[in-house]
Amino acid sequence: MVVIRLPDGSKRDFDGPVTGLELAESIGRRLAKDAVAVRVDGDLWDLNRPIESDSDVQIVTREEDDGVEILRHDAAHLLAEAVKELYPETQVTIGPAIDNGFYYDFAREEPFRPEDLEQIEQRMREIVERDESVQREVWDRDEAVRFFTDLGEHYKAEIIGAIPAGESITLYRQGRFIDLCRGPHLPSTGRLGKAFRLTKLAGAYWRGDSNNAMLQRIYGTAWPDKKKLDKYLHQLEEAERRDHRRLGREMDLFHFQEEAPGSVFWHPKGWSLFQSLIDYMRTRQDAAGYREINTPELMDRSLWVKSGHVEKFGDNMFVTQTPDERVFALKPMNCPGNVQVFKQGITSYRELPLRLSEFGSVHRYEPSGALHGLMRVRSFTQDDAHIFCTEQQITEECVTVTKLILDIYRDFGFEDIRIKFADRPEKRVGADSVWDESEQALMTALKSTDLPYELNPGEGAFYGPKLEFVLTDAIGRDWQCGTVQVDLNLPDRLGASFIGEDGQKHPPVMIHRALFGSLERFTGILLEHYAGRLPLWLAPTQVVVATITSDADAYAMEVAATLRHHGIRVETDLRNEKINYKVREHSLAKVPVMFVAGKREAENHSVSIRRLGQKHQTSAPLASAVADVARECAQKRVVDGEAA
RNA sequence: GCCGGAAUAGCUCAACUGGUAGAGCAACCGCCUUGUAAGCGGUAGGUUGGGGGUUCAAGUCCCUCUUCCGGCACCA
């Protein structure tokens, strides 16, 4: 007899072994229909695998996270089966479930064409209709290797060959297709349903290593039902509408052109936004005890050799040779320049911590395939700063910076921030003992904030460990922006020192930190986060004063002058157009506030106020309307409901 | 950098198998003085990304370069 205990504590007795599907059927027809797997004593099992001893069992349905993942994994197998049927010469490799879907990597001489996806997807639907049973088989490792080698599936054989000898492995068979897999899988292909779609083709390196062969990856998305699939497809459209490259063009903020790949041409409105961010950050940093500097963009290559940048990132630096045959490098980072400022004169321990900030323009020769709008460029501006301090001051400085970062992100409406701790990478400078010290110091600081964090092993900078601040935008995407890095290497390499209490020279600790990271990128993130509807204080044009008839022109100019006098960025629209037309145009341009002035308003010295996104307008005396807008602009943070 | 795709008017997109480059919106010029998301009419706008080739003839076919798009790799 087999006793099954269910999550609610109830027990069910069976005469002999029972499968998850049978168990589900014994509970309810609906449950049996939605079941995709069972969790047996915590492990996920196939529905048709017999449970032979007393167990705690939970039915996993297609609606829950684990269930959806199984569906997606099944979709990947289905994709592989369809491809093998249509293109038998193709070798299969791996095909996991991923966020929102799945992919499968294939090795094939001839590339798949975009048109092929349609045919493959059609075949997948046919296999669903065939409702092939899916069988789990346990094989001996060596037999499996031989089996796949004989089939010509060399990648599969390689994967299995990497499994420790003697270990048994599981294969899944559906129709004529058989694949190595840990499982679990649905009992038959029909159970997957048809809420899936192949989405894109891509190249991908075998085992994620660019030294290996490039495989062909097919991506798809899969969901428990059509409704969820449609919702996802709709989300994709939404994301496309928010694309900062599109908004940049529509809002006339910036452009790119062939002569300057990866470098931005900022238009007046985009530059206004960019400068608003700098103004804001400058104000916050000044208040936090930073002193702003500026250092050269071109410096002799030898400095970069000394700092270690040439050795580690020389291939990614822009280098230029002058007529006098000196070689200069465009700075890829601000730190060496900042150290030069620190080195001027003799610094006493009494002057530490010394916080030097720089809105530094840096250039990095990014791989061509990495370029992406404002998000990944070859020249950008950092809100950089370097805090020179003693070892005793590390913790306090790191904690202060962390709080500043979180506080500033909140002003932009980012509440959901993750912190990652990245320790020493393989490619690094400095002795391990120095790394031990700096990692420990940064970790102490992190722990003293009591904030949750995760580890990101091996991802530190080449000169020190770092904290990475990851924010989540309005449509759930993650962006790494801020960083705090503890560096016990560079100051020493570049010959920086201060005089300690003991009258001796000591190398200072340098804390590198950036909050926005790249101003360009942060601008892009904000545009997408707000879908172009920037909060009032950041909007390039904050108010448009639009007239109804030309009778109100003089008054409208007076209104605009008053706004301008209050430091508000204002434009007038006196064109000979209907108010409907003007409202539509400025709404599409995402101007946050319109003051409409007609005869009535001119007579009683008021304005009709229309806020972007609101259906109805209000009316107010000019003085109070201006005061309200001025007050809101001065707040410099997102007010409720603005971050949509 | 690698794999695949794309590049036609400012934007979005047409132009069947090679045969006179076209539309909507935007722009500009008129008319209309207008009350909260598109009034009406007209005009102009192009070396079809660059270079080379095939052909009587190339936006269309071939080669090459550039850039962009989607991934992969990279991201100090």
S.K.: Any side-chain N or O of A:Asn580 under 4.0 Å from OP1/OP2 of B:U36?
M.R.: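 A:Asn580 to B:U36 OP1/OP2: no side-chain N or O under 4.0 Å.
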S.K.: How many angstroms lie between CG in A:Leu247 and NE2 in A:His244, if you round to the nearest 0.5 Å?
M.R.: 9.0 Å
S.K.: Can you check the distance between B:C3 and B:A58, where both ends of the measurement are the C1' atom (answer in whole Å)?
M.R.: 29 Å
S.K.: Looking at side-chain heavy atoms only, is the closest gap between A:Ile394 and A:Val486 below 4.5 Å?
M.R.: yes
S.K.: A:Ile548 has a side chain; which of B:G39, B:C74, B:G35 sits nearest to it?
M.R.: B:G35
S.K.: Please confirm whether the shortest side-chain N or O distance from A:Arg113 to OP1 or OP2 of B:G5 is below 4.0 Å.
M.R.: yes
S.K.: Give one of base, sugar-phosphate or nothing for A:Asp551, where a contact means two heavy atoms less than 4.0 Å apart.
M.R.: nothing
S.K.: P atom, B:A26 versus B:G42: distance in rounded Å?
M.R.: 15 Å
S.K.: Let me know the distance between OH of A:Tyr581 and P of B:C40, rounded to the nearest Å.
M.R.: 11 Å
S.K.: Out of B:G39, B:U33, B:A37, which nucleotide sits closest to the side chain of A:Ser550?
M.R.: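 Within the option list, the nearest is B:U33.
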S.K.: Identify whether any heavy atom of A:Lys427 sits under 4.0 Å from a base atom; if not, whether one sits that close to sugar-phosphate; answer base, sugar-phosphate or nothing.
M.R.: nothing
S.K.: Could you pull out all residues at least two apart from A:Phe102 that satisfy ring pair (Phe, Tyr, Trp, His ring centres under 6.0 Å)?
M.R.: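 Partners of A:Phe102 under the ring pair (Phe, Tyr, Trp, His ring centres under 6.0 Å) test: none.
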S.K.: Could you label the plane-to-plane angle of the A:Tyr104 and A:Phe106 rings as parallel, tilted or perpendicular, counting under 30° as parallel and over 60° as perpendicular?
M.R.: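 A:Tyr104 and A:Phe106: parallel rings.
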S.K.: B:U12, OP1 or OP2 - any side-chain N/O from A:Arg249 closer than 4.0 Å?
M.R.: yes
S.K.: Assign a letter to each nucleotide of nucleotides 64-71 of chain B from its 5' end: B, base within under 4.0 Å of a protein heavy atom; S, sugar-phosphate only; -, no contact.
M.R.: --BSSSBB
S.K.: Would you kindly say whether A:Gln382 and A:His512 are connected by a side-chain donor-acceptor distance under 3.5 Å?
M.R.: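 Note: A:Gln382 and A:His512 side chains miss the donor-acceptor criterion.
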S.K.: Rounding to the closest angstrom, what is the interatomic distance between B:A15 and B:U54 at atom C1'?
M.R.: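 Looking at atom C1' only, B:A15 and B:U54 are 22 Å apart.
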S.K.: So what does A:Glu115 touch, heavy atoms closer than 4.0 Å: a base, only the sugar-phosphate, or nothing?
M.R.: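 The answer is nothing, as A:Glu115 stays clear of every strand by at least 4.0 Å.
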S.K.: For B:C69 and B:C13, measure between their P atoms and round to the nearest Å.
M.R.: 15 Å
S.K.: Determine the Euclidean distance between corresponding P atoms of B:G24 and B:U43; express it in Å to zero decimal places.
M.R.: 12 Å
S.K.: From the set B:G35, B:A76, B:A26, return the single nucleotide nearest to any side-chain atom of A:Ile579.
M.R.: B:G35
S.K.: Fill in the dot-bracket string of RNA chain B, one character per base: . for unpaired, | for a pair to another strand, ( ) or [ ] for pairs within the strand, taking Watson-Crick or G-U pairs under 3.5 Å.
M.R.: (((((((..((((.....[..)))).(((((.......))))).....(((((..]....))))))))))))....
S.K.: Checking the side chain of A:Arg242 only, and the main-chain atoms of A:Glu528 only, is there a donor and an acceptor separated by less than 3.5 Å?
M.R.: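 Judged by distance alone, yes, a pair lies under 3.5 Å.
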S.K.: Whole Å only: how far is the NZ atom of A:Lys590 from the C1' atom of B:A37?
M.R.: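 Those two atoms, NZ and C1', are 13 Å apart.
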S.K.: Which value, in whole Å, describes the distance between the P atoms of nucleotides B:A57 and B:G19?
M.R.: 14 Å
S.K.: Run the side-chain donor-acceptor check on residues 464-472 of chain A: report pairs under 3.5 Å with partners two or more places apart or on a different chain.
M.R.:
from: A:Glu468; atom 1: OE1; to: A:Asn456; atom 2: ND2; distance (Å): 2.9
from: A:Thr472; atom 1: OG1; to: A:Asp478; atom 2: OD1; distance (Å): 2.9

S.K.: Tell me what A:Gly308 touches on the nucleic acid: a base, only sugar-phosphate, or nothing, going by heavy atoms under 4.0 Å.
M.R.: nothing
S.K.: Base, sugar-phosphate or nothing for A:Tyr463? Non-hydrogen atoms, less than 4.0 Å.
M.R.: sugar-phosphate
S.K.: Mind checking what makes side-chain contact (heavy atoms from CB on, under 4.5 Å) contact with A:Ser361, not counting sequence neighbours?
M.R.: A:Glu297, A:His363
S.K.: Distance-only check: which donor-acceptor pairs under 3.5 Å involve side-chain atoms of residues 109-118 of chain A, not counting sequence neighbours?
M.R.:
from: A:Asp116; atom 1: OD2; to: A:Arg113; atom 2: N; distance (Å): 2.7

S.K.: Over all strands shown, is A:Thr549 touching base, sugar-phosphate only, or nothing at heavy-atom distances under 4.0 angstrom?
M.R.: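 Base, at least one base atom sits under 4.0 Å.
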S.K.: Are the side chain of A:Lys306 and the backbone of A:Arg301 linked by a donor-acceptor contact shorter than 3.5 Å?
M.R.: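 No; judged by distance alone, with no hydrogens or angles, the pair does not exist.
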S.K.: A:Glu585 CD to B:A27 C1': how many Å, rounded?
M.R.: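 Roughly 11 Å, once rounded to whole Å.
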S.K.: When the C1' atoms of B:U64 and B:A27 are considered, how many whole Å apart are they?
M.R.: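 Taking atom C1' in both B:U64 and B:A27, they lie 37 Å apart.
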S.K.: Look at A:Lys466 and B:A76 and indicate whether a side-chain polar atom (N or O) is within less than 4.0 Å of OP1 or OP2.
M.R.: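 Yes, such a contact exists.
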S.K.: At under 4.0 Å between heavy atoms, what does A:Leu588 touch on the DNA or RNA strands: base, sugar-phosphate, or nothing?
M.R.: base
S.K.: Send over the distance from A:Asp252 CG to B:A27 C1', rounded to a whole Å.
M.R.: 14 Å
S.K.: Please compare A:Lys599 and A:Phe112 by the position of their nearest nucleotide in RNA chain B and report the one closer to 5'.
M.R.: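 With A:Lys599 and A:Phe112 compared, the 5'-side residue is A:Phe112.
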S.K.: Rounded to whole angstrom, note down the C1' distance from B:G22 over to B:C61.
M.R.: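 Between the two C1' atoms, the distance is 23 Å.
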S.K.: Would you kindly give the CZ-to-C1' distance between A:Arg108 and B:C3, to the nearest whole Å?
M.R.: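 Taking CZ of A:Arg108 and C1' of B:C3, I get 14 Å after rounding.
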S.K.: Quick one: is A:Arg521 getting a side-chain N or O under 4.0 Å of the B:C75 phosphate, OP1 or OP2?
M.R.: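 No, outside the criterion.
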S.K.: Can you tell me if A:Asn489 and A:Asp487 form a side-chain donor-acceptor pair at under 3.5 Å?
M.R.: no
S.K.: Decide yes or no for A:Thr547 and A:Lys582: does some side-chain heavy atom of the first lie under 4.5 Å from some side-chain heavy atom of the second?
M.R.: yes
S.K.: Reckon A:Pro367 touches a base, only the sugar-phosphate, or nothing at all at heavy-atom distances under 4.0 Å?
M.R.: base
